Amino acid sequence: MSEYAPISTYREVISPPKWFVVAIALLALAPLWGVQAALRDDSLSTARRVTLTAAAPVVAGMLLWLALVGSHLTVEVVAERVRFRFGPFGRTLRSNDITAVTAEPYNAWAFGGWGWRLGWGGAQAFTVPFLRSGVMLGTARGRFYLSSRTPERLAEAVRYVAHLGTQ
């Protein structure tokens with residue numbers, strides 16, 4: 001048991017390092033340089049110039065949104081559910097579906113990196129770059145690894161709402 005009182009609700013927003021978000025945001029703006037080059041290229045047809053000029057800001061905007069909003073993982077344990085998501089994309093597990101909870105370090109090799117990943121045996125990982133701590137949830141439909149800066153607290157909250165007791 002931890003030094004904290006049992007908790008029935010938990011919320012954590014995990015962000016990647018600031019330098020990583022800035023680097024991804026700068027890469028997201030790269031298509032705009034393509035527009036500038038396309039406008040100066042006399043060999044391109046007018047239709048192709050219009051297409052590139054219209055598409056590049058859309059692509060840059062989507063990538064910028066992904067860098068700024070989609071790179072933050074939100075984990076919530078409330079009432080009878082565990083919800084984890086990147087922006088609007090994620091999963092919700094009912095607490096009575098959870099059969100095991102363990103705090104453990106993240107193995108990027110097992111899942112092939114960071115983000116929303118599929119691993120061996122159908123396991124899924126929702127991880128933030130360069131954060132190597134989290135919780136593995138076991139269910140009848142598979143396993144889910146969640147990044148956390150306070151994995152013991154997250155595990156305790158999940159155990160409490162899943163009625164698993166101390167493990």
Side-chain angles (χ1 to χ4, degrees), residues 1-31 59-167:
M1 199 73 172
S2 74
E3 69 262 14
Y4 304 106
I7 52 178
S8 60
T9 61
Y10 177 92
R11 185 172 196 278
E12 182 178 11
V13 178
I14 308 111
S15 301
K18 299 274 188 259
W19 67 264
F20 184 79
V21 174
V22 169
I24 297 299
L26 289 174
L27 286 173
L29 297 175
V59 170
M62 290 170 42
L63 291 173
L64 192 59
W65 178 86
L66 185 63
L68 299 177
V69 175
S71 64
H72 298 60
L73 174 64
T74 302
V75 179
E76 298 172 311
V77 180
V78 182
E80 297 296 318
R81 65 180 167 84
V82 177
R83 184 174 186 209
F84 38 97
R85 66 188 189 281
F86 285 106
F89 307 106
R91 300 284 310 258
T92 300
L93 301 175
R94 291 188 324 226
S95 60
N96 58 354
D97 290 339
I98 298 170
T99 58
V101 181
T102 56
E104 57 186 63
Y106 180 62
N107 181 355
W109 292 107
F111 290 97
W114 295 286
W116 187 347
R117 299 298 212 192
L118 296 176
W120 297 106
Q124 294 183 38
F126 289 75
T127 61
V128 173
F130 309 106
L131 180 60
R132 295 191 37 90
S133 60
V135 172
M136 181 67 80
L137 305 178
T139 70
R141 292 181 289 162
R143 296 178 309 134
F144 299 88
Y145 185 89
L146 311 176
S147 282
S148 176
R149 296 199 189 282
T150 57
E152 292 298 332
R153 293 217 50 193
L154 172 56
E156 185 176 343
V158 173
R159 285 184 198 115
Y160 184 83
V161 298
H163 309 294
L164 296 177
T166 304
Q167 291 183 353

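Index from 1, following the sequence. Quantities reported herein were computed from a predicted structural model and do not represent experimental measurements. Heavy atoms only: backbone and side chains are in, while hydrogens, waters and symmetry mates are out.
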Phe144 and Trp116: CA distance, side-chain angles, deciding distance, ring-ring contact (aromatic ring centres under 6.0 Å, His included) verdict: CA-CA 10 Å; Phe144 299 88; Trp116 187 347; 9.4 Å; no
Which atom pair, heavy atoms only, marks the closest approach of [X] to [Y]?
{"X": "Ser147", "Y": "Thr127", "answer": "OG-CA, 3.1 Å"}
{"X": "Ser15", "Y": "Arg149", "answer": "O-NH2, 2.7 Å"}
{"X": "Ser71", "Y": "Val21", "answer": "OG-CG2, 4.1 Å"}
{"X": "Leu93", "Y": "Thr139", "answer": "CD1-CG2, 4.1 Å"}

Separation of Asp97 CG from Arg141 CZ (nearest 0.5 Å):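 One gets 5.5 Å once the value is rounded to the nearest 0.5 Å.
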Salt bridge present between Arg85 and Glu76 (N-O < 4.0 angstrom):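 Salt bridge present between Arg85 and Glu76.
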Centroid separation Phe126 to Tyr145 less than 6.0 Å: no
Phe111 ring center near Tyr106 ring center (under 6.0 Å): yes
Side chain to side chain contact (heavy atoms under 4.5 Å, CB included) between Glu12 and Ser148, worked out: CA-CA 8 Å; Glu12 182 178 11; Ser148 176; 2.7 Å; yes
Are any side-chain N or O atoms of [X] and backbone N or O atoms of [Y], one a donor and one an acceptor, separated by less than 3.5 Å?
{"X": "Arg94", "Y": "Arg81", "value": "no"}
{"X": "Ser95", "Y": "Glu80", "value": "yes"}
{"X": "Ser133", "Y": "Pro105", "value": "no"}

